[in-house]
Amino acid sequence: MPEGPEVETIRRGLAEYVTGQHIAGVDVLFARSFAADRELVERVVVGAAVSSVHRRGKVLILELDSGWVLLIHLKMTGQIILVKADGGRLAGGHPNESMAADLPDRSTRVVLSFASGKKLYFNDQRKFGWMRLVPKSELAEDLSIRNLGPEVLGTDFSLEYLRGQLKRRAGSPIKAVLLDQTVMAGVGNIYADESLHLSRIHPARRAGSVSPAESARLHLAIRDIITAGIEHGGTSFSHYVDSLGGKGDYLDQTRVFRREGTACGVCGSTIIKTRVAGRGTHYCPKCQPLPKVRKTPAT
DNA sequence: CACTTGACCTGTCCGC
DNA sequence: TGCGGACAGGTCAAGT
């Protein structure tokens, strides 16, 4: 579920609440969510303190003072929920749940207990998410990190770089390129649709057909949309609540995502939902036209 | 190599 | 109300 802006929002919450906290215990309720040897966990996690919290793409990086890092990927349905020592929910969780903590629940996969009494619950309904331990010295080479493209808000995500990637992936639908984490890190399905609408490019266009002017619009749009997402604290719906405890409100702001059947805010045409690159895809047929007809009428 | 598809899971929603 | 099927925000491995 979470894309770059959601993960960044969670990162900020974690940085505030767990930096400097000592980890007193680790409970793994579902083994594949945190496939680490118990002996290793006891040696490098239990008793260690969280020295800082980082993010790369959609991966959360908790740096421990043991020389190891704890990586977390939330995939589709992962959540981080922080609970105070007295059991009251400090942050995170499902918007429909009461604030009274009744955790762990059936989707809790891992629990970190801090010496202060705070607890961090890693909930993940669909079990796609994971936590992993990596020596800090090997972080850059880790499989989850090493193939990631530049952060879209970083200086190395230049227009020139984007143009090169569009050329390399000329045969793919532009939407597939935006979702490819080796091209750029942090963009997911929502922000891909939003960026393409803002830059007025049809999601099924081949990347190679995108003009220089369109590329420039797209480059700007991706940065603007991701920035807005972070400013609004991420997108909030079924599974997402940021770890500061407030709901993100970006979904209220979307231009096309989950707005099929409603009027485009720019031109008033009806937003369409279709399937591109195997993913649910929303766009405005008037703002984002296909330049050439896909199926030629028989004549 | 570039690109597509299926698999990983559980839950929900929609049509019959 | 129950049941089958499609679908859900992300990545991989394996296929063409």
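Worth knowing before you read on, the calculation uses all heavy atoms, side chains too, and leaves out hydrogens, waters and symmetry mates.
Checked for salt-bridge contact, A:E8 and A:R55 meet the test: a charged N lies under 4.0 Å from a carboxylate O. In this structure, A:E16 does not pair ionically with A:R12, as no charged nitrogen and carboxylate oxygen lie closer than 4.0 Å.
Rounded to a whole Å, the CZ atom of A:R132 is 13 Å from the P atom of C:dT11. Summarising the geometry, the separation between CD on A:E3 and C1' on C:dG10 is reported as 9 Å, rounded to the nearest angstrom. In this structure, A:R146 atom CZ and C:dC12 atom P are separated by 10 Å, rounded to whole Å. Spacing between atom CE of A:M76 and atom C1' of B:dG11 amounts to 12 Å, rounded to whole angstrom units. Across the protein-nucleic acid pair, A:K175 atom NZ and B:dT4 atom C1' stand 16 Å apart, rounded to whole Å. Counting to the nearest Å, the P atom of C:dC7 and the CD atom of A:Q125 are 18 Å from each other. Spacing between atom NZ of A:K58 and atom C1' of C:dG10 amounts to 6 Å, rounded to whole angstrom units. Following rounding to the nearest Å, A:F30 (CZ) and B:dT10 (P) show an atom-to-atom distance of 7 Å.
Note on A:G129: nothing from the nucleic acid sits closer than 4.0 angstrom, heavy atoms only. Backbone-only engagement by A:R275 is indicated by non-hydrogen atom pairs under 4.0 Å involving sugar-phosphate atoms exclusively.
A:K273 has a side-chain polar atom (N or O) that falls below the 4.0 Å cut-off from OP1 or OP2 of C:dA8. For B:dG11, the OP1/OP2 oxygens have no side-chain nitrogen or oxygen of A:R126 closer than 4.0 Å. Residue A:H73 places none of its side-chain N or O atoms closer than 4.0 Å to OP1 or OP2 of C:dG10. Of the side-chain N and O atoms in A:K75, none sit less than 4.0 angstrom from OP1 or OP2 of C:dT11.
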Under 3.5 Å, N/O pairs linking protein and nucleotides 1-3 of chain B:
| from | atom 1 | to | atom 2 | distance (Å) |
| --- | --- | --- | --- | --- |
| B:dC3 | OP1 | A:G171 | N | 2.5 |
| B:dC3 | OP1 | A:S172 | N | 3.3 |
| B:dC3 | OP2 | A:R169 | NE | 3.0 |
| B:dC3 | O5' | A:S172 | OG | 3.3 |

Given A:E214 and A:R205, is the salt bridge (charged side-chain N to carboxylate O under 4.0 Å, His left out) satisfied, shown in steps?
CA-CA 11 Å; A:E214 288 171 328; A:R205 294 263 306 279; 2.7 Å; yes
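The aromatic ring of A:F128 stacks onto the base of B:dC8, its centre lying under 5.5 Å from the centre of the six-membered base ring with the two planes under 30° apart.
In this structure, A:Y283 has its ring center under 6.0 Å from that of A:H202.
The hydrophobic cluster containing A:W68 also contains A:V110, counting ILVMFWY residues as joined when their side-chain heavy atoms lie under 4.5 angstrom apart, directly or transitively. Under the 4.5 Å side-chain contact rule for hydrophobic residues, A:L70 and A:V44 share a cluster.
B:dC9 and C:dC3 are spaced 24 Å apart, taking the P atom of each and rounding to whole Å. Taking atom P on both nucleotides, B:dT5 is separated from C:dC7 by 14 Å, rounded to a whole Å.
Taking the centre and axis of the six-membered ring of A:F30, the NZ or CZ atom of A:K127 falls inside the cone set by 45° and 6.0 Å.
A:N123 and A:T108 form a side-chain donor-acceptor contact under 3.5 Å, judged by distance and modelled atom types alone.
C:dT16: Watson-Crick or G-U partner is B:dA2, with both key distances under 3.5 Å.
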